[in-house]
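Written out below as structure tokens is the structure these notes cover.
Throughout, a chain's letter reflects where its sequence line sits, starting with A, and its residues are numbered from 1.
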2 protein chains.
Amino acid sequence: MAMKKIFLTEEEMPRKWYNIQADMPTPMQPPLHPQTQKPIGPEDLSAIFPMNLIEQEVSTERWIDIPEEVLEKYFIWRPSPLQRADALEKYLDTPAKIYFKNESVSPAGSHKPNTAIPQVYYNKVSGIKRLTTETGAGQWGCALSLACTLFGLECKIYMVRSSYDQKPYRQLMMKTWGGNCVPSPSPDTAFGRKMLEDDPGCTGSLGIAISEAVEDAISSPNTRYSLGSVLNHVMTHQSIIGLEAQKQMEKVNEYPDVVIGCVGGGSNFAGLSFPYVRDKIFGKEMRIVAVEPTACPTITRGPFAYDYGDTAAMTPLLPMFTLGHGFIPEPIHAGGLRYHGVSPLMSQLVLDGLIESESCNQLQAYEAGLIFARTEGLVCAPETNHAIAAVIEEAKKAREEGKAKTILFNLSGHGLMDLTGYDSFLEGKLTDYSLPESELEKSLEALKAFPKPDILPRK
Amino acid sequence: MAMKKIFLTEEEMPRKWYNIQADMPTPMQPPLHPQTQKPIGPEDLSAIFPMNLIEQEVSTERWIDIPEEVLEKYFIWRPSPLQRADALEKYLDTPAKIYFKNESVSPAGSHKPNTAIPQVYYNKVSGIKRLTTETGAGQWGCALSLACTLFGLECKIYMVRSSYDQKPYRQLMMKTWGGNCVPSPSPDTAFGRKMLEDDPGCTGSLGIAISEAVEDAISSPNTRYSLGSVLNHVMTHQSIIGLEAQKQMEKVNEYPDVVIGCVGGGSNFAGLSFPYVRDKIFGKEMRIVAVEPTACPTITRGPFAYDYGDTAAMTPLLPMFTLGHGFIPEPIHAGGLRYHGVSPLMSQLVLDGLIESESCNQLQAYEAGLIFARTEGLVCAPETNHAIAAVIEEAKKAREEGKAKTILFNLSGHGLMDLTGYDSFLEGKLTDYSLPESELEKSLEALKAFPKPDILPRK
């Protein structure tokens, strides 16, 4: 019997994160100050982040030591298993081999604690006592609450009100770990109060919640802000996924022909793929595919431009693929993929031709997720289902071409808190929504006011 | 840094289950026919179980081969990790070492698939196309739905209506795996229709749901019934937990002084402990502790007697500790511990002085669960929290006595579908309910009509 799961021991787990900034073929363009629109320096970020994380954000060191205290917490669930989806292969009657990295085994159910834990650790050693953040579907809020309880920090989470109401279990999970989760917009910040004054029934958005969390961090003692995606240091922390996967694939003498992940802000995708992107930069041939929803097609249809990370325009302007910071995506179940922008690092690697992108709609995603649940047994998050849809397409192509290729994807999280989405799919209540061109154009209007980034693609 | 998790490779996983019937110091007493009250033979069970499982039920073979097809499915998540709760030890400032077997990593979130998968497999090779079962909190219904989809059988689950309404995510999970879950009492069976006629608002009970599932199995073509606890073959399948744990403990040169598990019907407890009970039978000194809720104190306060497994008196009479088959426990959150009886094998081992029992109330259980969640990061099922309460007591005792002992417990499932219980606890809405003596006496009245089992304890 072929091995179904490949474990690493704790001793075999990598002791350093990989920072792709050391190997980028094109240098990154600087973030710009939200008001002056001039490049910002580390000190401009110090009101919201501790200096040790800001240093990681701009670092070009290739390898960054994982502190012992972080390793200790990682070991609660890491190294995560690499698994073979042989039952899915059989179901698809494909010559392709399908492997996945199972990040759903963390206590919070997704890859998010990979960065929550070091972020809380670095804040703690900087003397910070309290963190604020926003959360959409709730995966990130749960991960930060978990990390805060493990290190003894307070945690305040602004959760988009529509999600807060739809997913009561998510905020109960944060509460169980001692996190204080409030629906956003909230009366706890000036920006929240203003939003509620304008519209008492406002159901919120990620952009609004970020603005609240940032305001809280700036105006409260011993408090900083924490972000679960998009930024460089987040991508670096997540690299543990791909570094482990490379060791595990080696154990079964495999190397992927295609690496696949879903993309919202980019953190799970970068986590698995950046160590492989490095191999590709140094000559290895493979495809690296980012999958996004047709309802929020940031890379596949958005321009590469400078844009804000939030609605209230409080964050720096970042060079990235974007749909415009005022964009409010359809309420698809994959809440983690409903973000207008994407990691600047990923954006640059797309421009450089190292990462390709495609999109699928919600029906395709759930159909794939259901096939996976009924063959492999694992019920995946709606975000992950987008990756699985692409995997199934690749495996079918392999069958048609009679080619035995090796596919690796990231199972970024389980779907146990999102079962209503499966129900809606089974009851025929979901649509194959795709963002209309007219709406996209309208949303991109605002970008015209910002400086244009240089585009210096390698290819 | 000491190891936090001890893995086994798939190759190292045991290939045989352990059947404690081979080593029992006192022979088991036979089940009795529900009507004649005479000992039953295998053929009496063939309307509800396939013959290969009936053979396992009565087998006294010590080791039973795990079929290759079952191993393949086990490998989706097994071998499960053995973990060290060092953060909890630190929090408790105890010299005790605390280890736990993490059974929450299965796709259904508990130990239940360990028996669901072989049960479905043995039915499948017997030509059965469809299985029926009951479920209380929903853990078992989910596990059987999972196993049925993996082997391509149909699955019908009768779920106690009060749980069906309280825990909507559980039935969505079954539906995602293709299971057909209906609230019980249901209009789908004669017994269900009768109950609904008598009381259209009836919220159901496990006993009623078992009666419905058994009736359905007997009256439908190619259909059998499946039970997730209590019976001997279930305990045998679960022994994989303890067999793995023994190999893992050996890897770190540890042997437990105390083995702890929570008890409803007994399956997760037996799974971890029976391989250790065997060592104890052969002279090893250790304590093996079963923990039950004060709301349903079957072993701690019930008599050892012949009783039915269900409300409608359709099952054989089993020799076991029982609170009376008409007993309806308080609706505590630990739905998996709300059963009037307990495994006959476990019952006999309690009589033989090999297993001891204690109880804790719901407040103690959730307090323990919250400490665990905030130190170790894992949110456990309310059932598991009962075991953790006992572990914490043992660890405190070790501190007081200044003794470095090794404690091993079974983390039988995660609590992600039961977060409302944590919320109720945090909001001060739970009580320390304990079954009043008068209610117990009333419930035990019915037992007087049945034959008395012999009591032949070793000690």
Side-chain angles (χ1 to χ4, degrees), chain A residues 1 3-11 68 71-79 81 83-84 86-87 102 104-109 113 117 146-147 149-150 152 168-173 175-178 369-370 373-379 414-423 425-426, chain B residues 1 3-11 68 71-79 81 83-84 86-87 102 104-109 113 117 146-147 149-150 152 168-173 175-178 369-370 373-379 414-423 425-426:
Chain A
M1 202 184 307
M3 266 208 281
K4 177 91 185 151
K5 285 185 313 309
I6 299 101
F7 286 128
L8 294 179
T9 64
E10 293 177 359
E11 275 185 8
E68 193 86 344
L71 280 175
E72 258 179 36
K73 306 303 177 193
Y74 271 2
F75 287 153
I76 293 174
W77 78 99
R78 302 210 73 86
Q83 302 194 207
R84 174 95 182 259
D86 51 349
N102 188 353
S104 76
V105 298
S106 84
I117 284 172
L146 166 68
T149 191
L150 294 178
Y169 276 42
R170 278 284 171 202
Q171 56 105 344
L172 293 182
M173 206 166 162
K175 189 173 174 180
T176 299
W177 282 316
L370 206 69
R374 293 184 177 183
T375 53
E376 291 295 324
L378 300 165
V379 178
H414 65 61
L416 302 188
M417 318 298 266
D418 307 279
L419 287 164
T420 50
Y422 283 89
D423 192 40
F425 174 69
L426 287 166
Chain B
M1 202 183 308
M3 267 209 280
K4 177 93 185 150
K5 286 187 312 309
I6 300 101
F7 286 127
L8 293 178
T9 64
E10 292 176 1
E11 275 184 10
E68 193 86 344
L71 280 175
E72 258 179 36
K73 305 304 176 191
Y74 271 2
F75 287 153
I76 292 173
W77 77 99
R78 299 209 77 84
Q83 302 193 206
R84 175 97 182 259
D86 51 350
N102 188 353
S104 75
V105 298
S106 84
I117 283 171
L146 166 68
T149 191
L150 294 179
Y169 276 41
R170 279 283 171 201
Q171 56 104 346
L172 293 182
M173 206 166 161
K175 187 173 176 180
T176 299
W177 281 318
L370 206 68
R374 292 184 177 183
T375 53
E376 290 295 324
L378 299 165
V379 178
H414 66 60
L416 302 189
M417 318 297 265
D418 307 280
L419 287 165
T420 50
Y422 283 89
D423 191 40
F425 175 70
L426 287 166

Between the NZ atom in Lys4(B) and the CZ atom in Arg78(A), the distance rounded to the nearest 0.5 Å is 15.5 Å
Any idea which heavy atoms bring Thr176(B) and Ala373(A) closest together, and the distance? CG2-CB, 4.2 Å
Flag the pair Lys5(A) and Glu10(B) as a salt bridge only when some basic side-chain nitrogen lies within less than 4.0 angstrom of an acidic carboxylate oxygen. yes
Looking at every heavy atom in both Gly377(B) and Pro107(A), which two are closest together, and how far apart are they? O-CB, 3.2 Å
How long is the span from the CE atom in Met3(A) to the OG1 atom in Thr9(B), to the nearest 0.5 Å? 7.5 Å
Name the member of Leu426(B), Thr149(B), Leu419(B) that forms the most heavy-atom pairs with chain A at distances under 4.5 Å. Leu419(B)
Calculate, to the nearest 0.5 Å, the distance between atoms CE and CG belonging to Met173(A) and Leu416(B) respectively. 5.0 Å
Heavy-atom contact with chain B under 4.5 Å, split by part of Ile76(A): both
Given heavy-atom pairs under 4.5 angstrom as the criterion, report whether the side chain, backbone, both or neither of Thr420(B) touches chain A. both
Side chain / backbone / both / neither for Ile6(B) at chain A, heavy atoms under 4.5 Å: neither
What residue in Leu378(B), Leu150(B), Leu172(B), Val379(B) has the most heavy-atom pairs under 4.5 Å with chain A? Leu172(B)
Does Arg374(B) offer a backbone N or O that forms a donor-acceptor pair with the side chain of Trp177(A) under 3.5 Å? no
Can you name the residues that form a side-chain hydrogen bond (donor to acceptor under 3.5 Å, both in side chains) with Ser104(A), not counting sequence neighbours? Asn102(A)
Which of the residues Trp77(B), Tyr422(B), Phe425(B), Phe7(B) is involved in the greatest number of heavy-atom pairs with chain A at under 4.5 angstrom? Phe7(B)
Which answer fits Tyr169(A), side chain, backbone, both or neither, if we ask what part of it has an atom under 4.5 Å from a heavy atom of chain B? both
